Enquirer: 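Once you've had a glance at the structure underneath, I'll fire off some questions.
Heavy atoms only: backbone and side chains are in, while hydrogens, waters and symmetry mates are out. Predicted, not measured: the structure shown is a model, and the values here were computed from it. Read the numbers this way: they start at 1 and go in the same order the structure lists the ligands and their atoms.
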Amino acid sequence: MSNPRTVLVTGATLGIGKGIASVFAKNGYNVVLTARHPEKGEQAVHDLKALGNPNVMFVAGDVTSLDSMKAVVAAAVEAFGGIDVLCANAGMFPSAKIDAMTEAEWDAIFDVNVKGMLFSIQAALEALKQSAAGRIVITSSITGPVTGYPGWAHYGGTKAAQLGFMRTASVELAPHGITVNAVLPGNIYTEGLQNLGEDYLNTMKASIPMKRLGDVEDIGNAALFFAQETSGYVTGQSLIIDGGQILPETLEAVDA
Ligand code: NAP
């Protein structure tokens, strides 16, 4: 087994992906970040190296292209000798109500969130098979698998689809010692979430028993649990990290 282990994180230059990458960097992993825009990538590498781990690199890639993801994986393997953990995290969450949703909007979100997850896994699979303890951690969401929110029917569909994929993937890949699990974030304070506006953020905060939005490293710590060599008997599972948001029966119950 390569020591230290190497993690590839997709959608890693902002938000949850960057938080996942920072937790792995702090825990001594070699960290490969990928996303489309190099300038954000270089900034993320700079920020992560400042945590004290020099073994952090960025490779530009688009999860909607299998060739692009194969090139990212090749660069990671060349730099660090292999990949032990894939965090398939890249995703988008535009809003569209059902009565006005276009075919293009439907296709775009499934391309990134579902097909992008598949291509990331397909590209990394050979390297993960070579690892003595290969791990795949998918970033799903509470939205879709557990909850609903107007405007996110297509988004919720993608996040539930990821879990359907995960269950068969965990069975298919078990003979290779590869586990496949998912983190289901609630409302995590990221650049993407900030774009939804102050009203959205305040309403969400009020509905969360912990009375705060999640931090990106809350998700990173859960991903690290699934990624560890010692978690090899945990597969096909999903872990909600939401400060208790899905639990209250009514909004009043949060403050009762
Ligand atoms: P974000 O702040 O918008 O960051 C998205 C990241 O993905 C960026 O690094 C972006 O960089 C990259 N990306 C987007 N499209 C890509 C593509 N086609 N190929 C490669 N990289 C791409 O998003 P976030 O809030 O951190 O969300 C990350 C994941 O968590 C998503 O899967 C989302 O569904 C899930 N999630 C988020 C929340 C939340 O509260 N924030 C809650 C539940 C689930 P480039 O634009 O440079 O490519």
Enquirer: Please confirm whether the backbone N or O of Ala44 pairs with a side-chain atom of Thr13, one donor and one acceptor, at under 3.5 Å?
Expert: no

Enquirer: Does the N or O separation between Ile16 and ligand 1 drop below 3.5 Å for any pair?
Expert: yes

Enquirer: How far is atom 8 (C) of ligand 1 from its nearest protein heavy atom, and which residue and atom name does that atom have?
Expert: Thr13 OG1, 3.8 Å

Enquirer: Could you find the nearest protein heavy atom to atom 47 (O) of ligand 1 and give me its residue, atom name and distance?
Expert: His37 ND1, 2.7 Å

Enquirer: Within a radius of less than 6.0 Å around CE of Met210, do more than 12 heavy atoms belonging to other residues, nucleotides or ligands occur?
Expert: no

Enquirer: Any nitrogen or oxygen of Asn113 lying under 3.5 Å from a nitrogen or oxygen in ligand 1? Just yes or no.
Expert: no

Enquirer: Kindly give the heavy-atom pair with the smallest separation between Gly232 and Arg135, and that separation in Å.
Expert: CA-NH2, 3.3 Å

Enquirer: Give a yes or no on whether the backbone of Lys159 and the side-chain of Ser140 come within a donor-acceptor separation of less than 3.5 Å.
Expert: yes

Enquirer: Starting from atom 31 (C) of ligand 1, which protein heavy atom do you reach first, and at what distance in Å?
Expert: Asn89 O, 3.3 Å

Enquirer: Which residue and non-hydrogen atom of the protein lie closest to atom 4 (O) of ligand 1, and at what distance in Å?
Expert: Leu14 CB, 3.7 Å

Enquirer: Determine whether any heavy atom of Ser140 lies closer than 4.0 Å to an atom of ligand 1.
Expert: yes

Enquirer: Can you sort out which atoms of ligand 1 are near Gly11, meaning under 4.0 Å from one of its heavy atoms?
Expert: 6 (C), 7 (O), 9 (O), 12 (C)

Enquirer: Hey, does Lys18 sit under 4.0 Å from ligand 1 if you only count heavy atoms?
Expert: no

Enquirer: Could you grab the distance from atom CD1 of Ile136 to atom CG of Leu86, nearest 0.5 Å is fine?
Expert: 6.0 Å

Enquirer: Between CD1 of Ile188 and CD1 of Ile16, what distance do you get to the nearest 0.5 Å?
Expert: 5.5 Å

Enquirer: Within ligand 1, which atoms have a heavy atom of Ala90 less than 4.0 Å away?
Expert: 21 (N), 22 (C), 32 (O)

Enquirer: Work out whether the distance between some heavy atom of Ser68 and some atom of ligand 1 is less than 4.0 Å.
Expert: no

Enquirer: Before accepting this row, confirm whether a basic side-chain N of the pair Lys40/Asp47 lies closer than 4.0 Å to the acidic partner's carboxylate O.
Expert: no

Enquirer: For the 3.5 Å polar cut-off, considering only N or O atoms, please tell me whether Phe93 and ligand 1 meet it.
Expert: no

Enquirer: When you look at CD of Glu103, are more than 12 heavy atoms from neighbouring residues, nucleotides or ligands closer to it than 6.0 Å?
Expert: no

Enquirer: Looking only at side-chain N and O atoms, does Asp67 offer a donor or acceptor that is under 3.5 Å from a partner on Ser65?
Expert: no

Enquirer: What I want to know is whether Lys40 and ligand 1 share at least one N or O pair that is separated by under 3.5 angstrom.
Expert: yes

Enquirer: Any heavy atom of Thr10 sitting closer than 4.0 Å to ligand 1?
Expert: no

Enquirer: So which protein heavy atom does atom 30 (O) of ligand 1 come closest to, and at what separation?
Expert: Thr139 CG2, 3.3 Å

Enquirer: What atoms of ligand 1 come within less than 4.0 Å of a heavy atom belonging to Lys159?
Expert: 31 (C), 32 (O), 33 (C), 34 (O)

Enquirer: Strictly distance-based, threshold 3.5 Å: is any side-chain N or O of Asp242 a donor or acceptor partner for the main-chain N or O of Pro185?
Expert: no

Enquirer: Looking only at protein heavy atoms, which one is nearest to atom 40 (O) of ligand 1, and what is the separation?
Expert: Ile188 N, 2.7 Å

Enquirer: So if I count the atoms of ligand 1 from 1 in the order they appear, which ones are less than 4.0 Å from some heavy atom of Asn187?
Expert: 40 (O)

Enquirer: Looking at Asp199, I want to see if its CG is surrounded by more than 12 non-hydrogen atoms of other residues, nucleotides or ligands under 6.0 Å.
Expert: no

Enquirer: Of the side chain and backbone of Thr34, name the one, both, or neither that has a heavy atom under 4.0 Å from an atom of ligand 1.
Expert: neither

Enquirer: Output the distance between atom CE (Met92) and atom NE2 (His154), rounded to the nearest 0.5 Å.
Expert: 7.5 Å

Enquirer: Which of the numbered atoms in ligand 1 are below 4.0 angstrom from a heavy atom of Gly61?
Expert: 19 (N), 20 (C)

Enquirer: Quick one: nearest non-hydrogen protein atom to atom 18 (N) of ligand 1, plus distance?
Expert: Asp62 OD1, 3.0 Å

Enquirer: Taking the ring of Tyr149 and the ring of Phe93, is the distance between their centroids below 6.0 Å?
Expert: no

Enquirer: Work out whether the distance between some heavy atom of Gly186 and some atom of ligand 1 is less than 4.0 Å.
Expert: yes

Enquirer: Keeping the roles fixed (side chain from Gln162, backbone from Asn113), state whether a donor-acceptor pair exists under 3.5 Å.
Expert: yes

Enquirer: So which protein heavy atom does atom 14 (C) of ligand 1 come closest to, and at what separation?
Expert: Arg36 NH2, 3.6 Å

Enquirer: Measuring from the heavy atoms of Met92, does anything fall under 4.0 Å of ligand 1?
Expert: no

Enquirer: Would the number of heavy atoms belonging to other residues, nucleotides or ligands and lying under 6.0 Å from NE2 of His176 be above 12?
Expert: yes

Enquirer: Can an N or O of Thr190 be found at a distance shorter than 3.5 Å from an N or O of ligand 1?
Expert: yes

Enquirer: Under a heavy-atom criterion of less than 4.0 Å, does Tyr155 contact ligand 1?
Expert: yes

Enquirer: Please determine if Ile142 has a nitrogen or oxygen closer than 3.5 Å to a nitrogen or oxygen of ligand 1.
Expert: no

Enquirer: More than 12 non-hydrogen atoms from neighbouring residues, nucleotides or ligands closer than 6.0 Å to OH on Tyr189, yes or no?
Expert: no

